Asker: 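First the structure, which I've put down as structure tokens, then a few questions once you've had a look.
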Amino acid sequence: MKQEIARIKEKALEEGVPIIKDEGLAFLLNVIKERNCKDILELGTAVGYSSIQMAKTDEKIRIDTIEKNEEMYLQAVENIRNEKLDGRIFVHFTPIEEYRTDRRYDLIFVDAAKAQYGKYLEQFLPNLKEDGIMFFDNMVFHGLIYEVDTITSRSLRALVKKIIKFREKVLNDERFDIIMFDSIGDGILILTRRNREA
Ligand SMILES: C[S@@+](CC[C@H](N)C(=O)[O-])C[C@H]1O[C@@H](n2cnc3c(N)ncnc32)[C@H](O)[C@@H]1O
């Protein structure tokens with residue numbers, strides 16, 4: 001019988017729900033294991049695919065994940081319940097911009113509106129533990145950051161320019177150490193605090 005997680009992935013792909021690519025996911029799960037991340041915040045739940053995968057790496061992991069689309073939210077809640085992970089994955093049905101918490105996280109996985117990455121960074125930086133990491137997906141945006149001038153759709157070009165600007169901004173921000181993995185998945189950017197106390 002097909003595994004529940006394989007079914008969730010297949011359905012998401014069939015329905016055009018954007019979920020993390022296999023390569024990006026493998027990399028993310030590896031980072032979680034290597035850095036022993038237990039408290040995770042995810043921005044952008046979709047149907048719960050990545051949050052279920054993250055939770056499965058270790059039974060001590062606890063995840064808050066945020067989704068504003070009701071249909072996605074309801075599917076995520078159902079998928080997470082079917083996987084019996086509803087005691088460890090908490091889906092918050094709200095726009096990310098309105099989400100506030102005092103919790104601090106080992107990992108913040110940013111996978112929602114690409115144009116808002118700069119805002120999300122400032123909004124959730126206080127929630128990142130001193131030695132925590134922020135993990136941004138879609139940093140090459142299907143390769144479009146390399147051919148921005150050839151994009152004919154104005155809105156798409158504006159979005160891709162925002163991603164490029166975000167990359168440049170964080171690279172030049174003295175508060176952070178940045179590592180970019182442009183050839184992994186859809187491009188991954190990892191951010192940590194510079195000069196943090198060990
Ligand atoms: C790329 S998908 C997330 C995929 C998921 N992390 C995975 O890999 O399985 C992005 C999701 O973010 C949600 N989203 C986008 N902007 C948002 C916002 N401002 N507040 C809450 N959710 C948002 C979208 O509805 C969409 O479901």
Side-chain angles (χ1 to χ4, degrees), residues 3-32 37 39-57 61-83 85-86 88-101 105-125 127 133-145 155-156 158-160 162-163 166 181 184-190:
Q3 260 195 323
E4 177 69 9
I5 193 71
R7 195 195 54 77
I8 294 169
K9 178 182 173 188
E10 197 175 277
K11 185 165 183 278
L13 293 175
E14 265 170 29
E15 294 176 359
V17 174
I19 55 171
I20 189 166
K21 290 187 173 182
D22 289 347
E23 213 188 357
L25 177 67
F27 189 76
L28 172 65
L29 300 185
N30 215 25
V31 168
I32 290 173
C37 300
D39 294 310
I40 298 175
L41 172 65
E42 176 182 61
L43 309 182
T45 316
V47 294
Y49 175 69
S50 52
S51 56
I52 290 170
Q53 292 279 20
M54 290 191 284
K56 283 186 167 189
T57 61
I61 286 176
R62 180 198 178 281
I63 302 174
D64 286 308
T65 179
I66 311 174
E67 178 55 57
K68 71 171 178 184
N69 176 305
E70 187 168 17
E71 203 183 316
M72 293 288 142
Y73 163 77
L74 291 172
Q75 273 193 54
V77 168
E78 190 184 329
N79 288 336
I80 289 163
R81 198 181 303 131
N82 287 344
E83 291 276 1
L85 289 168
D86 45 332
R88 295 200 284 124
I89 303 177
F90 303 93
V91 192
H92 304 272
F93 175 43
T94 179
I96 291 163
E97 294 74 8
E98 291 172 20
Y99 187 76
R100 297 285 178 273
T101 176
Y105 299 92
D106 301 304
L107 172 80
I108 301 182
F109 171 39
V110 185
D111 195 22
K114 316 303 162 201
Q116 306 302 326
Y117 277 13
K119 279 193 191 153
Y120 296 160
L121 167 59
E122 298 304 332
Q123 183 179 343
F124 292 102
L125 194 56
N127 299 103
I133 71 171
M134 277 204 193
F135 187 108
F136 296 85
D137 194 19
N138 307 109
M139 282 292 104
V140 301
F141 208 61
H142 321 298
L144 290 175
I145 64 155
S155 54
L156 182 59
L159 171 61
V160 174
K162 278 199 170 178
I163 295 173
F166 171 73
F181 300 91
I184 295 185
D186 195 24
I188 285 158
L189 186 152
I190 289 188

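As the structure is a computational prediction, the values presented were derived from the model and not from experiment. Counting starts at 1 for both ligands and their atoms, following the listed order.
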Asker: Keeping the roles fixed (side chain from Gln123, backbone from Ile96), state whether a donor-acceptor pair exists under 3.5 Å.
Answerer: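 It does hold such a pair.
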Asker: Taking a cutoff of less than 4.0 Å between a non-hydrogen atom of the residue and any ligand atom, is Leu43 in contact with ligand 1?
Answerer: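 Contact check Leu43 vs ligand 1: negative.
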Asker: In ligand 1, which numbered atoms sit nearer than 4.0 Å to a non-hydrogen atom of Asn69?
Answerer: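 The atoms of ligand 1 under 4.0 Å from a heavy atom of Asn69 are 25 (O).
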Asker: Test Phe166 against Phe136 for ring-ring contact (aromatic ring centres under 6.0 Å, His included), laying out the working first.
Answerer: CA-CA 11 Å; Phe166 171 73; Phe136 296 85; 5.0 Å; yes
Asker: What I want to know is whether Gly44 and ligand 1 share at least one N or O pair that is separated by under 3.5 angstrom.
Answerer: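 Such a contact does occur with ligand 1.
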Asker: Taking atom CD of Glu71 as the centre, report whether more than 12 heavy atoms of other residues, nucleotides or ligands fall under 6.0 Å from it.
Answerer: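 Atom CD in Glu71 is not packed in, count stays at 12 or less.
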Asker: Closer than 3.5 angstrom, by distance alone: can the side chain of Asn127 be matched with the main-chain N or O of Thr101 as a donor-acceptor pair?
Answerer: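 Confirmed, Asn127 side chain pairs with Thr101 backbone.
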Asker: Can you check whether Asp86's main-chain N or O pairs, donor with acceptor, with Arg81's side chain at less than 3.5 Å?
Answerer: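 The answer is no, because no donor-acceptor pair under 3.5 Å joins these two groups.
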Asker: Around atom NZ of Lys114, are there more than 12 heavy atoms from other residues, nucleotides or ligands closer than 6.0 Å?
Answerer: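 Enclosed.
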Asker: Mind checking whether Leu25 contacts ligand 1 via backbone (N, CA, C, O), side chain (CB onward), both or neither, at a 4.0 Å heavy-atom cut-off?
Answerer: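 For Leu25, there is no contact with ligand 1 at all, from either part.
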Asker: What is the distance from atom CG of Asp111 to atom CD1 of Ile66, rounded to the nearest 0.5 Å?
Answerer: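 CD1 of Ile66 is found 12.5 Å from CG of Asp111.
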Asker: Is it the case that more than 12 heavy atoms not belonging to Lys56 sit under 6.0 Å from its NZ atom?
Answerer: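 Buried by this count: over 12 neighbours within 6.0 Å.
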Asker: Which residue owns the protein heavy atom closest to atom 2 (S) of ligand 1, what's the atom, and how far is it?
Answerer: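 The answer is Pro18 O, 3.2 Å.
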Asker: Are the side chain of Tyr99 and the backbone N or O of Thr94 linked by a donor-acceptor pair below 3.5 Å?
Answerer: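 No; zero donor-acceptor contacts below 3.5 Å.
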Asker: Could you say whether the N/O atoms of Ile96 and ligand 1 ever approach to under 3.5 Å?
Answerer: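 There is such a contact, yes.
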Asker: Please confirm whether Gln53 approaches ligand 1 to less than 4.0 Å, judged on its heavy atoms.
Answerer: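 Heavy atoms of Gln53 never come under 4.0 Å of ligand 1.
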Asker: Can you tell me which residue and heavy atom of the protein come closest to atom 10 (C) of ligand 1, and the distance to 0.1 Å?
Answerer: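 Result: Asp111 O, 3.1 Å.
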Asker: Heavy-atom distances under 4.0 Å decide this one: backbone, side chain, both or neither, for Glu97 against ligand 1?
Answerer: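 The side chain, only.
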Asker: Strictly under 4.0 Å, does any heavy atom of Thr94 approach an atom of ligand 1?
Answerer: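 Heavy atoms of Thr94 do come under 4.0 Å of ligand 1.
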Asker: Where's the contact between Tyr120 and ligand 1, heavy-atom distance under 4.0 Å: side chain, backbone, both or neither?
Answerer: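 Tyr120 to ligand 1: side-chain contact only, backbone stays beyond 4.0 Å.
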Asker: Nearest heavy atom to atom 26 (C) of ligand 1 wins, so pick from Lys119, Glu70, Glu67.
Answerer: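 Selected option, by shortest heavy-atom distance: Glu67.
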Asker: Under 4.0 Å from a heavy atom of Ala113: which atoms of ligand 1 are those, numbered in the order shown and with their elements?
Answerer: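 By the 4.0 Å cutoff, the relevant atoms are 15 (C), 16 (N).
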Asker: Below 4.0 angstrom from a heavy atom of Glu42, which ligand 1 atoms are there? Numbered from 1 as shown, please.
Answerer: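 Once the distances to Glu42 are compared, the set is 6 (N).
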Asker: State plainly whether the residues Glu4 and Arg7 are in salt-bridge range, i.e. N to O under 4.0 Å.
Answerer: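 Yes, charged N to carboxylate O under 4.0 Å.
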Asker: If you have a sec, work out which protein heavy atom is nearest atom 23 (C) of ligand 1 and how many Å separate them, to one decimal?
Answerer: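 Scanning the protein heavy atoms, the shortest distance from atom 23 (C) of ligand 1 goes to Lys68 CG, 3.7 Å.
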Asker: Which residue holds the protein heavy atom closest to atom 7 (C) of ligand 1, what is that atom called, and what is the gap in Å?
Answerer: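 Looking only at protein heavy atoms, the one closest to atom 7 (C) of ligand 1 is Ser50 OG, 3.0 Å.
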Asker: For atom 14 (N) of ligand 1, what is the closest protein heavy atom, and at what distance to 0.1 Å?
Answerer: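 So the nearest neighbour among protein heavy atoms is Ala112 CB, 4.0 Å.
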Asker: How far is atom 8 (O) of ligand 1 from the closest protein heavy atom, and which atom is that?
Answerer: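 It is Ile20 N, 2.8 Å.
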